[in-house]
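Read through the structure below, which is laid out as structure tokens, and then see the notes.
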Amino acid sequence: MFPVDRPRRLRRSGALRRLVAETSLAPDDLIAPLFVGEGLSEPHPIASLPGHVQHTRASLRAEVGALIERGVGGVILFGVPVNKDEVGSGAYDPAGIVQVALRELAEEFGDTTVLMADLCLDEYTSHGHCGVLDARGVVDNDATLELYARAALAQAEAGAALVAPSGMMDGQVGAIRTALDEAGFLDVAIMAYSVKYASALYGPFREAVNVEIAGGGDRRGYQMDYRNRREALREARLDVEEGADIIMVKPAMTYLDVLSDLAAGLDVPLAAYHVSGEYAMIKAAAERGWIDGPAVALEQITAVRRAGADVVLTYFARELAEELAR
Ligand code: PBG
């Protein structure tokens, strides 16, 4: 018999496979996105994200406690305000829902978890765009930067360890870093949504935060074009130069090539956001019995790590942490 190379030798038992596995996944690699609603008397289920709710301040504190107990690495907050306006003032008002929630979480949990806040205007603007509009109805990049700087300060003052600008305005990381430094928040980190594609996979999220973009509009004027790969490195490098501590790619599964490029080309921690549509697709197919939901979730999130992400933002964070503990 001719000598055959036999890679299957190392697949013979679970113990062998575990020993030689190239990629690991642990709860502390995961960040849980959480929604907090203003003025709610009880948690409000989100139909498009089964298992998730708009939290009350109390149920949010309980959920964060449960996530810490399960070893989940961090949480990122999204606010659902009662009132929206042209300039999204709820994003930077010290009494805005996310700022109030952050203060309570910081007081209760301190640094036992990493408290993060999504930094954007879209949940707070009446027109649903990520920035303020100029006279022609177009998002005004530089006017928006001033408001992002105010939001960063409000979030840092409220106790965020990390702010995460997601609006894809040019110069947003530099504007936020400068504002934080000038106010003495030298230790507050920035996780930049640097490589955020204009994706159809954010649909369930927009239902979760009651965002409707005015006039059936979209975000293609500021989020990246999914036909582009090289441009990702350009966006990421700019953000590193402006002071980003962690670079994020979003969504995850359709951009593993991009993640892999950034892992090779950058020397900062990389995050990937497995977004609402990715979660909802798995949940919906599993509900019909067409796929094994937990197995597909584990496979996908592990693949995101394999492609180069150090941390993964995922709506499966709690479920996966529970499964990994078994
Ligand atoms: C903007 C923001 C969005 C998401 C995270 N931050 C929505 C958007 O860009 O339209 C989407 C997250 C998801 O789909 O899970 N504040």
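Atoms within a ligand are numbered from 1 in the order they appear, just like the ligands themselves. This one's a predicted model, so the numbers in the text were calculated from it and none came from an experiment.
Lys283 forms no cation-pi arrangement with Phe316, by the criterion of a distance under 6.0 Å to the ring centre and an angle within 45° of the ring axis. Within the cation-pi definition used here (under 6.0 Å to the ring centroid, within 45° of the axis), Lys196 does not qualify as a partner of Tyr222.
Per-residue contacts place Phe78 under 4.0 angstrom from the following atoms of ligand 1 (heavy atoms of the residue considered): 5 (C), 6 (N). Ligand-side atoms of ligand 1 in range of Tyr273: 12 (C), 15 (O), range being under 4.0 angstrom from any heavy atom.
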Subject >> Worked check of salt bridge (charged side-chain N to carboxylate O under 4.0 Å, His left out) between Arg318 and Glu322 >> reply: CA-CA 6 Å; Arg318 181 167 171 169; Glu322 285 167 358; 3.2 Å; yes

All N/O donor-acceptor pairs, side-chain side in residues 230-241, below 3.5 Å, sequence neighbours left out:
residue, atom, partner, partner atom, Å
Glu231, OE1, Asn228, ND2, 2.8
Asp239, OD2, Ser194, OG, 2.7

Let me check something: any side-chain donor-acceptor pairs from residues 24-41 under 3.5 Å, sequence neighbours excluded? List them with distances.
residue, atom, partner, partner atom, Å
Ser24, OG, Arg305, NH2, 3.3
Asp29, OD2, Ala26, N, 2.9
Glu38, OE1, Val82, N, 2.8

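With ring centers used as reference points, Tyr255 lies 6.0 Å or more from Tyr226.
Of the listed residues (Ser166, Pro204, Pro251), the one carrying the non-hydrogen atom nearest atom 1 (C) of ligand 1 is Ser166. Remark: among candidates Phe205, Tyr315, Tyr124, the nearest residue to atom 15 (O) of ligand 1 is Tyr315, based on non-hydrogen atoms.
Residue Asp122 touches ligand 1 through its side chain alone, judged by heavy-atom distances below 4.0 Å. When non-hydrogen atoms are compared, ligand 1 lies under 4.0 Å from the side chain of Asp118 (C-beta onward) but not from its backbone.
In this structure, atom 14 (O) of ligand 1 lies nearest to the protein heavy atom Ser276 OG, 2.7 Å. For atom 4 (C) of ligand 1, the closest heavy atom belonging to the protein is Lys250 NZ, 2.7 Å. For atom 9 (O) of ligand 1, the closest non-hydrogen atom on the protein side is Lys196 NZ, 2.7 Å. In this structure, the protein non-hydrogen atom closest to atom 8 (C) of ligand 1 is Arg219 NE, 3.5 Å. Nearest to atom 10 (O) of ligand 1 among the protein's heavy atoms is Arg206 NH2, 2.6 Å.
Using bins of under 30°, 30° to 60° and over 60° for the plane-to-plane angle, the ring pair Tyr315/His52 lands in the perpendicular bin.
Contact analysis leaves Glu278 out of contact with ligand 1, as no non-hydrogen atom separation drops below 4.0 angstrom.
In this structure, the separation between CG on Leu162 and CD1 on Ile76 is 7.5 Å, given to the nearest 0.5 Å.
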